[in-house]
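Counting convention: from 1, in listed order, for ligands and their atoms alike.
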Amino acid sequence: MANGLDDVVAAETVLSHVDGEAGRLIVRGYDLEALAGHVTYEQALALLWSGIVEDGIVEHAGGDLAGARVEAFGRFVPLLQAAPKLTPIETMRFLLSAVSDADELARPVAMVGAIAVAAALAIRHADHKAAIAPDPSLPHAADVLRMVRGRAGDDAEVGALDTYLVAVIDHGLNASTFAARVVASTAAGLPSSIVAALSALKGPLHGGAPGPVLDMLDAIGSEERAEAWLEAALDRGERLMGFGHRVYRVRDPRADVLKGALGLLKGRDNRIALAEAVEQKALAILARRKAKRRLDVNVEFYTALLLEALGIPRAGFTLLFAAGRAGGWIAHVREQEKTGRILRPQSRYIGPMPMAAA
Ligand code: ACO
């Protein structure tokens with residue numbers, strides 16, 4: 001048995017399919033490239049949730065979502081003073097933990113709004129900046145960008161964030177989605193399933209990599225230093241952040257979608273030349289040093305560059321990932337709940353047996 005459950009199929013889903021050999025991601029019958037950059041987050045949500053999640057999302061996603069942001073802001077802001085020493089993602093987890101099953105915010109659309117507001121509040125709180133109230137007249141991505149940065153984005157910036165949120169909306173049975181489904185299978189309800197998912201996303205091996213990608217680019221500094229720095233990091237036994245994936249054996253298709261969105265943000269300091277140089281060097285070094293395992297760029301590498309170019313603080317990257325993945329988590333929760341069966345695998349006991357009586 002692989003100790004990472006690599007080959008275990010733990011759920012059937014109509015939501016998304018990750019083809020790791022072909023480098024293809026299908027979301028509800030569409031290739032990711034046909035969605036990200038072409039539809040808004042609200043439209044992607046309507047597609048992903050159609051027939052799975054209640055709430056009339058198809059007709060009313062925009063309005064409900066905006067109202068939910070306003071409701072969540074009013075509820076969460078007073079709680080912030082009780083979270084002074086928490087990291088941003090811990091603050092987000094804390095805020096979402098306050099949502100009861102009986103709460104209006106526990107409805108699916110409301111949860112998407114609540115997750116986005118919790119992310120924005122937690123990011124600003126960590127920087128000791130005042131909370132920015134939502135503007136319900138704005139589309140979701142535009143308002144999220146405004147609430148995080150404190151200033152509105154132009155069309156290119158809002159389009160880039162929309163592309164990002166859609167690009168990460170769902171991705172098969174990744175660790176956080178699996179965690180959500182396990183908790184959902186016990187009939188624990190949506191808020192608890194979401195808090196479980198967020199907790200899984202917190203780790204650097206899943207959602208926490210994009211901040212460290214920028215740390216790596218900072219440390220490398222210039223193209224000439226890339227090779228020596230990368231070799232030294234591997235000599236120290238470190239992993240290169242933004243590379244490798246449990247399922248993809250080729251390039252993560254989301255990486256190119258995000259790189260394309262980054263290219264549209266002309267005139268920003270997007271460090272794309274340095275990133276491309278580091279990518280090329282890293283791929284060559286990994287191919288030589290880790291010849292047994294095909295390692296390529298994953299979603300986090302260009303996520304880091306894109307969110308940095310949008311002026312999002314790096315401590316907030318994972319939180320925005322959660323804001324995008326929220327749509328997928330919620331759909332998986334409802335899909336799992338419909339099976340009506342608890343997820344309960346077996347373990348194989350390898351410990352000592354009781355001594356036979358003398
Ligand atoms: N840098 C260097 N070596 C790596 C990397 C990497 N980024 N990723 C895997 N390897 C190596 C391992 O050291 C191991 O080598 P070894 O056999 O010589 O010991 C081999 O590849 C296989 O590693 P596993 O641990 O089996 O790979 P796994 O499928 O469990 O890991 C993971 C996938 C966690 C994403 C890994 O590639 C990694 O740690 N990457 C860096 C962190 C990162 O970018 N995370 C974001 C992932 S995308 C997301 O979750 C949204």
Discussion item. Below a 4.0 angstrom heavy-atom separation, can you tell me which part of K290, side chain or backbone, both or neither, approaches ligand 1?
Written reply: side chain
Discussion item. Out of all atoms in ligand 1, which are within 4.0 Å of some heavy atom of R246? Include the element for each.
Written reply: 28 (P), 29 (O), 30 (O), 33 (C)
Discussion item. Suppose we measure from atom 21 (O) of ligand 1 to each protein heavy atom; which comes out shortest, and what is that distance?
Written reply: R293 CG, 3.6 Å
Worksheet item: If Ile, Leu, Val, Met, Phe, Trp and Tyr residues are connected whenever their side-chain heavy atoms lie under 4.5 Å apart, and connections chain through other members, are V299 and L205 in the same group?
Response: no
Response to the item:
Quick look: E300 vs ligand 1, heavy-atom contacts under 4.0 Å, and the answer is side chain
Fill in: K202, NZ: over 12 other non-hydrogen atoms inside 6.0 angstrom
no
Discussion item. Please say yes or no: joined through hydrophobic side-chain contacts below 4.5 Å, possibly via intermediate residues, are L45 and V70 part of one cluster?
Written reply: no
Worksheet entry | Heavy atom of the protein closest to atom 35 (C) of ligand 1 (residue, atom name, distance) | G244 O, 3.7 Å
Worksheet item: Considering the options L283, D296, I285, which one meets the side-chain contact (heavy atoms from CB on, under 4.5 Å) requirement together with F243?
Response: L283
Fill in: Mode of V213 contact toward ligand 1 - side chain, backbone, both, neither (heavy atoms, under 4.0 Å)
neither
Worksheet item: Between T13 and E335, do the side chains contain an N or O donor and an N or O acceptor separated by less than 3.5 Å?
Response: yes
Worksheet item: Near R344 CZ, under 6.0 Å, is it more than 12 heavy atoms from other residues, nucleotides or ligands?
Response: no
Practice prompt. Determine whether L319 and L86 fall in the same hydrophobic cluster, where Ile, Leu, Val, Met, Phe, Trp and Tyr are linked whenever their side-chain heavy atoms lie under 4.5 Å apart.
Written response: yes
Worksheet item: Any N or O of N298 that comes nearer than 3.5 Å to an N or O of ligand 1?
Response: yes
Discussion item. Between R75 and E104, does any side-chain N to carboxylate O distance fall below 4.0 Å?
Written reply: no
Practice prompt. Between L286 and ligand 1, find which residue part has any heavy-atom pair under 4.0 Å and reply side chain, backbone, both or neither.
Written response: side chain
Practice prompt. Kindly indicate whether atom 17 (O) of ligand 1 is approached by any protein heavy atom to under 4.0 angstrom.
Written response: no
Item to complete: Check F301 against ligand 1 and report side chain, backbone, both or neither, counting heavy atoms closer than 4.0 Å.
Response: neither
Practice prompt. Run the salt-bridge test on E33 and R254 with the 4.0 Å N-O cut-off and return the result as yes or no.
Written response: no
Worksheet item: Would you say the side-chain atoms of H140 and D162 include a donor-acceptor pair closer than 3.5 Å?
Response: no
Discussion item. Suppose I only count heavy atoms of P204 and a 4.0 Å limit; which atoms of ligand 1 are within that range?
Written reply: 42 (C), 45 (N)
Fill in: Shortest protein contact, atom 9 (C) of ligand 1 (heavy atom only)
L295 CD2, 3.6 Å
Worksheet item: So, T177 and H171: side-chain donor and acceptor under 3.5 Å apart, yes or no?
Response: no
Item to complete: Please write down residue, atom name and distance for the protein heavy atom closest to atom 1 (N) of ligand 1.
Response: L240 N, 2.9 Å
Discussion item. Give me the residue, atom name and distance of the protein heavy atom closest to atom 40 (N) of ligand 1.
Written reply: F243 O, 2.9 Å
Practice prompt. Provide the number and element of each atom of ligand 1 under 4.0 Å from a heavy atom of L234.
Written response: 2 (C)
Discussion item. As a check for students: among M241, H206, R239, identify the option with a heavy atom nearest to atom 51 (C) of ligand 1.
Written reply: H206
Worksheet item: Do G242 and ligand 1 have an N or O pair less than 3.5 Å apart?
Response: yes
Worksheet item: Are the charged groups of R69 and D135 less than 4.0 angstrom apart, N to O?
Response: no
Response to the item:
The atoms of ligand 1 lying under 4.0 Å from a heavy atom of F321, numbered in the order shown, are 51 (C)
Worksheet item: Does N174 approach ligand 1 within less than 4.0 angstrom via side chain, backbone, both or neither, non-hydrogen atoms only?
Response: neither
